[in-house]
Asks: 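Right, I'll just put the structure down here and ask away after.
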Amino acid sequence: MSRFFKDILPLRHDPESDGLAYRHYDPDELILGKRMEDHLRFAVACWHSFAWEGGDPFGGRTFDRPWFGETMEHARLKADIAFEMFEILAIPFFCFHDADIRPEGASFAESRRNFEEIIDLFAEKMSAGNTRLLWGTANLFTHRRFMAGAATNPDPDVFAWSAATVKLCMDATHKLGGQNYVLWGGREGYETLLNTDLVRERNHAGRFLQMVVDYKYKIGFEGTILVEPKPQEPTKHQHDHDVAAVYGFLRDFGLETEVKINIEQGHAVLAGHSFEHEIALAASLGVFGSIDMNRNDYQSGWDTDQFPNNVPEVALAYYEILKAGGFTTGGTNFDAKIRRQSLDPKDLVAAHAGAMDVCARGFKAAVAMLEDGTLEALRAERYAGWDTPEAQAMLESDLARIANRLESDGVDPQPRSGRQERLENIVNRFV
Ligand code: XUL
Ligand code: CO
C-alpha cells in the first residue's frame, strides 16, 4: 500500500476480528436472492474523505494530507490515494464533485482542462479496478461567484457559468459510466426577501433543471437525474426544502417522471422529518432514487454529516427502501465526514467500515421485519374497514349522500388503539 495507508490491509468479512474488518457486512451474503453488496450499493463521498480539511467556524485545517494543494500534481496524488482507499474497503462505488478532484484554474477553460485530465485518470483507474461511479455532481456553492446562488443567481453570467459546469460534470459522469447525476441546490435559495425575486428564482431553477434533462437525452446518458433536498444551511431558505417541496417543483416544471430524489438523513432531520418519512413519501410519489447516509448531532441542530451509528434508525430507513422495491440505479452514499480530531488514515478507513457494518445490521433487521410480516399485517388490519364495497363506494359518492347515509345507518365510529408502543416493541425484536 501507499505512503498514506501504510500497513492498512484490504478489509475482509470477519465476525470474530478485533481489528479493522467487516463484522456484519458480507458483500457475498445472499439476502432475498441478491448479494448484500448489490442491495446496499455503498459509495465513498470524495469531498468529505479527500477534500475536506477538518476546518470549523473557529479554526482551519486539522488534517495533514500529502495531497492538499492546488496543483495538478496534488490532484493526481489525491486520485491515487482515493482509489487505494476504495480498494482497501472493497467498496463498489464512489461519488464526486468537480471541485473535489481538480484544482480551480484561472479561467473556466483552465478548470475544465484540469478536470478532464483527472477524469481520464479516473477512467484508467476504474478500468483497472472494481469501483464504479454511483453519481457525479457539480460544486455550485463553494466559490464566491456562487454566493447568491447558481441557477437562481440574479446575475445571468453566473447562470451561464453554472450551466457550463453542469454540462461538464454530466459529460464526465457519462464518460465514467455513472449510474446517476445529482443536483444539490446548495445556494439555490435566499437570505432575505428584501433583495429576492422569488418567482424569477424559482422559474430559473425550473428551466435549468429542464435543460439538464434535455442534455441527458442529447448525450444519451442512461443514468437517473436526482435532486437532493435540504431545507437550509448554507442558505437560510432553500427552494428544494424537502421531498414534498421538490415533488411540487418537479410537477410545476413537468419533470416528475424525469427526475428522482436523493434523500439525505441529515437533511431530512433538518427539515423536521424522519429519514424514513422522506423515503416513504418519495417512494409513494414514484420519485425515490438514492440515499445519502449520515447522521446529524441531534443537539446542535446543524448538518454535522457524521457517519451513521444508530442501527434502529438505519433499519427503519432500509425497511422503507425494501418496501419500495430496493435501489435501482441508486445506492447508499456515505455523505459523511470524520471528526476534525480524527487525524489518522486509519480513522478514515474505520469510519467507513463501521458505517458499512451499521448499515448491514440495519438492513438485515429490516429484511427480518419484512419477512416476519407482523408490522405489515397490523397496518393492513388497521385500514381493513376500507376494504369493504360500502367504504370504497363512499369515495365515489358526495358529501350530501354521505351525510344522508351516516344518519340513516346510524354510523357511530368507535376509536381503536393505534398500538404505537406495541409496534415499536415489535421493531425492537429485530434490531
Ligand atoms: C450538502 C450535501 C452535498 C450533496 C452533494 O449538505 O449533502 O454534499 O450531497 O452536493
Ligand atoms: Co448529500
Side-chain angles (χ1 to χ4, degrees), residues 1-31 34-52 63-67 75-96 100-101 118 121-135 176-179 293-294 306-309 311 314 327 331-339 342-364:
M1 277 296 141
S2 72
R3 293 164 272 169
F4 187 67
F5 288 112
K6 293 198 182 87
D7 48 358
I8 301 181
L9 298 170
L11 268 55
R12 306 254 176 268
H13 174 65
D14 178 3
E16 307 305 322
S17 167
D18 54 6
L20 271 180
Y22 298 121
R23 289 176 190 76
H24 302 275
Y25 176 59
D26 178 1
D28 294 320
E29 184 177 334
L30 279 182
I31 301 179
K34 207 155 100 175
R35 292 171 65 247
M36 204 194 292
E37 177 179 285
D38 301 329
H39 277 290
L40 292 168
R41 296 166 60 85
F42 290 131
V44 168
C46 284
W47 50 104
H48 288 314
S49 290
F50 303 109
W52 187 60
F63 300 149
D64 189 15
R65 307 293 197 225
W67 61 84
R76 282 188 286 267
L77 177 63
K78 192 195 302 194
D80 289 347
I81 306 281
F83 276 81
E84 269 179 27
M85 190 174 87
F86 304 159
E87 248 179 66
I88 289 173
L89 294 171
I91 197 155
F93 292 103
F94 69 101
C95 302
F96 70 89
D100 307 332
I101 64 170
I118 298 295
L121 182 60
F122 273 28
E124 259 174 54
K125 289 177 177 296
M126 287 169 72
S127 62
N130 295 317
T131 314
R132 292 168 290 156
L133 177 61
L134 185 64
W135 46 265
L176 298 182
Q179 311 232 335
M293 180 59 95
N294 53 25
Q306 293 172 245
F307 280 89
N309 73 347
V311 174
V314 166
F327 293 121
T332 304
N333 170 43
F334 292 116
D335 192 353
K337 54 181 180 261
I338 48 179
R339 300 301 86 190
S342 301
L343 302 179
D344 302 340
K346 201 172 186 171
D347 294 320
L348 202 49
V349 174
H352 284 90
M356 286 156 83
D357 269 346
V358 166
C359 290
R361 284 187 68 185
F363 178 73
K364 285 194 213 175

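Every heavy atom of this structure was used, including side-chain atoms; hydrogens, water molecules and symmetry mates were not.
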Asks: Kindly say whether Y22 contributes a backbone atom to a donor-acceptor pair with the side chain of H13 at under 3.5 angstrom?
Replies: yes
Asks: Looking only at non-hydrogen atoms, find the nearest pair between G362 and V314 and report the distance.
Replies: CA-CG1, 4.1 Å
Asks: Any salt bridge linking R23 with E16? Criterion: basic side-chain nitrogen under 4.0 Å from a carboxylate oxygen.
Replies: no
Asks: Could you tell me the separation between the CD1 atom of I8 and the NZ atom of K6, rounded to the nearest 0.5 Å?
Replies: 9.0 Å
Asks: What's the shortest heavy-atom distance between A21 and A353, and which atoms?
Replies: O-CB, 4.5 Å
Asks: Locate the shortest heavy-atom distance separating T131 from M126; write the atom from each residue and the value.
Replies: O-CG, 3.6 Å
Asks: My understanding is that only one of R361, K364, M356 makes a side-chain contact (heavy atoms from CB on, under 4.5 Å) with Y25; could you say which?
Replies: M356
Asks: Decide yes or no for F4 and D80: does some side-chain heavy atom of the first lie under 4.5 Å from some side-chain heavy atom of the second?
Replies: no
Asks: I need the R132 CZ to F86 CZ distance, nearest 0.5 Å.
Replies: 13.5 Å
Asks: Tell me whether S127 contacts the main-chain N or O of E124 through its side chain, where contact means a donor paired with an acceptor under 3.5 Å.
Replies: yes
Asks: How many angstroms lie between CZ in F96 and OG in S49, if you round to the nearest 0.5 Å?
Replies: 15.0 Å
Asks: So do the side chains of V44 and F50 get within less than 4.5 Å of each other, counting heavy atoms only?
Replies: yes
Asks: What distance separates I91 CD1 from N130 CG, expressed to the nearest 0.5 Å?
Replies: 12.5 Å
Asks: I need the minimum non-hydrogen distance between D347 and S342, along with the two atoms involved.
Replies: OD2-C, 3.1 Å
Asks: Quick one, V349 and F5 - any side-chain contact, counting heavy atoms below 4.5 Å?
Replies: yes
Asks: Does the side chain of Q306 reach to within under 4.5 Å of the side chain of R339, using non-hydrogen atoms?
Replies: yes
Asks: What verdict does the side-chain contact (heavy atoms from CB on, under 4.5 Å) test give for L343 and D64, after you've listed the backbone C-alpha separation in whole Å, the side-chain angles of each residue and the deciding distance to 0.1 Å?
Replies: CA-CA 8 Å; L343 302 179; D64 189 15; over 6 Å; no
Asks: Against L20, only a single residue in L9, L11, L89 fulfils side-chain contact (heavy atoms from CB on, under 4.5 Å); can you say which?
Replies: L11
Asks: Which heavy atom of P10 sits nearest to which heavy atom of E87, and what is that distance?
Replies: CB-O, 4.4 Å
Asks: Check whether more than 12 heavy atoms from other residues, nucleotides or ligands sit under 6.0 Å from atom NZ of K346, and answer yes or no.
Replies: no
Asks: Could you tell me if the side chain of M36 sits less than 4.5 Å from the side chain of P27, heavy atoms only?
Replies: no
Asks: Using the side-chain contact (heavy atoms from CB on, under 4.5 Å) rule, take V358 and F307 through it: C-alpha gap first, then chi angles, then the decisive distance, then the call.
Replies: CA-CA 10 Å; V358 166; F307 280 89; over 6 Å; no
Asks: I'd like to check the side-chain contact (heavy atoms from CB on, under 4.5 Å) partners of R41; sequence neighbours left out, ordered by chain and number.
Replies: F93, L134, Q179, F327
Asks: Just jot down the side-chain contact (heavy atoms from CB on, under 4.5 Å) partners of D28, sequence neighbours excluded, or say none.
Replies: D26, R35
Asks: Which value, rounded to the nearest 0.5 Å, describes the distance between I81 atom CD1 and I88 atom CD1?
Replies: 9.0 Å
Asks: For a quick test of your reading: what N or O donor-acceptor pairs under 3.5 Å do the side chains of residues 331-338 make, sequence neighbours left out?
Replies:
from	atom 1	to	atom 2	distance (Å)
T332	OG1	L40	O	2.8
T332	OG1	Y318	OH	2.8
N333	ND2	D292	OD1	3.0
D335	OD1	W47	NE1	2.9
D335	OD1	H48	NE2	2.6

Asks: Check this for me: does any side-chain nitrogen of one of K78 and D100 sit under 4.0 Å from a carboxylate oxygen of the other?
Replies: no
